Student: 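Next up is a structure, given as structure tokens.
Just so we're clear, the structure is a prediction, and the values are computed from it rather than from any experiment.
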Amino acid sequence: MGEFRTLPAPGAASGSGAAGAAGGAVSGTAAGAAAAVGEIAEGVFGALHQVRGAVLATVGPAPVSGDLAGLRPLLLPRLGGLVSGIGFIAAPGLLADAPWYLEWWQEGPSGDPVRLVRDMDPASSAFYDYSHWDWFSGPRSGEEHTLAGPYVDFLCTDEYSLTFSVPVRRDGEFLGVAAADVFVRRFEVAVLPVLRRVPGPAFLVNRQGRVVASTTARHLAGSVFRGAPATAAHPCRDLPLALVAAQLPHAP
Amino acid sequence: MFAGGRAEDGAEARRGAGRAAGRGGGGRGRAVVTDISGGARLAAFAPVDSTARVDAVVRRLTDAIVLGLLADGEQLPSEAELAAQLGVSTVTLREALMALRQQGMVETRRGRGGGSFVRVPAEAPGLVDRLRGLTAEELRDLGDHYAAIAGAAARLAAQRALPEDVAPLRRTLEEMAAARDEAHLRRLHGRFHIEVAAVSQSARLTQEEIRLQADIGPLLWLAHTGEHGPSAQHRAIAEAIHRGDGDRARDLAERHVLDAVEHLIELRLREP
């Protein structure tokens, strides 16, 4: 498990590291596939950068929860495709009228946007405190791109999900997190054609080594990949996501 | 004190033997007695840990309060009288009353007209009505279903947990230990089991856990009424998941549900 807990540092160019050089053609393909997966994920982060911009434009001094309704024209059209939920999660204490607050929209059963209404009252809910979730603590601790999960999201949807998130800061002050949910099943549909371009088994793991999507039943989503001989991990751009594929000794 | 303690120890032993036999583990008590030697013999004659007796009294009075056998506001007999009725020492009774006071189920007023008075938890009467609406067979079946889900989820959680997945469980256990009111503790109790299910990485098992908790959770809490902090079972489940011991995690999670259901059925059968 160890090696996958410390993926190559962000910025290490795909395919140009030791794995890419030693792996020859297969790693070249795998590295290319990893970059393509990174591109798919970056599409979601692109939407979050827009949300972040809108939050900064919306939130003035002494904001209240009602101010965040101004985000809706931006949030609602971004549902669909990969994204099943999107919104802004306020840093505890940011809003004068609600210590804990999410302006969060998700696809309802009929596909129409539904606002998530959660009990955010510490006196009646055991689940109000979102500050421990990776999608919140990552951006708060300084990560520019957080990809949390896969995990069972019992806070919002009860679905097996990935959450993409970015910090929202103004002059260094942490205001909260812009985030989007992607169901693992939808992510699988999007990335499987890319993974299939890799000869042999290939799968994606998150920073902790948890499998996200896979072309082999031996490493299914949700299981933990603890390393295996003759495999190489290729980072998906600068994201906390890597593509694991067989590492052949020499290119033909 | 000594006589009272002995009488109760006898009752405890009978109950314990019955339980062990019921689970296919009878006949252990005698072997221990004949095998003790040296240090073990000395230990056998050391003062009996009174915790179990205190817990037994707390349990008995809690059940009676929850079931409404003791009414809200009713004055309990004097300490000496109650201790005699229950066959325990007044020291044991006092400790039990202190625990009940901390749980808000007994209120003690000093001075003239003082004494210990029963306080029925706000949600208990409604829950007891629900309990009356279910037969022992229905309760058993609900328990079987819940134990299957909780056990399967715990087993997968142990197989699939990463160290960071155990952190939320530990945090919840700490919050349970620090919880001062029962409603808060009950919410955390539910959260712990949902968090365990989520570690399984199975959305369906987690959804089922949430659904079953909504269904039987409040009732099961009747069986936990009066507990404070996380139980040893909660800690053991988290520990088994941490160690990746799937079989043990499943056994513990099933046992946790079945123990509570068994207590619930006992409560139900005591009802007319």
Student: As an exercise: rank B:Arg171, B:Gln207, B:His184 by heavy-atom pairs under 4.5 Å with chain A and give me the winner.
Tutor: B:Arg171
Student: Side chain, backbone, both or neither: which part of B:Ser200 has a non-hydrogen atom closer than 4.5 Å to chain A?
Tutor: neither
Student: Check each atom of B:Ala161 against the heavy atoms of chain A and say whether the ones under 4.5 Å are side chain, backbone, both or neither.
Tutor: backbone
Student: What heavy-atom pair brings A:Asp158 and B:Ala203 nearest, and what distance separates the two atoms?
Tutor: O-CB, 3.6 Å
Student: Taking all atoms of both residues into account, what is the closest heavy-atom pair of A:Ala126 and B:Arg187, and its distance?
Tutor: CB-O, 3.4 Å
Student: For B:Ile210, which atoms come within 4.5 Å of any heavy atom of chain A: side chain, backbone, both, or neither?
Tutor: side chain
Student: Looking at B:Arg248, I'd like to know if its CZ atom is crowded, meaning that more than 12 non-hydrogen atoms belonging to other residues, nucleotides or ligands lie closer than 6.0 Å.
Tutor: no
Student: Name the member of A:Ser223, A:Pro122, A:Ala123 that forms the most heavy-atom pairs with chain B at distances under 4.5 Å.
Tutor: A:Ala123
Student: Which atom pair, heavy atoms only, marks the closest approach of A:Tyr151 to B:Gln201?
Tutor: CA-OE1, 4.3 Å
Student: Between A:Arg210 and B:Asp165 (salt bridge meaning N to carboxylate O under 4.0 Å), is one present in this structure?
Tutor: yes
Student: Using non-hydrogen atoms and a 4.5 Å limit, figure out which bit of B:Glu175 sits close to chain A: side chain, backbone, both or neither.
Tutor: neither
Student: Between NE2 of A:His132 and OG1 of B:Thr172, what distance do you get to the nearest 0.5 Å?
Tutor: 8.5 Å
Student: Other residues, nucleotides and ligands only: do more than 12 of their heavy atoms fall within 6.0 Å of CZ on A:Arg218?
Tutor: no
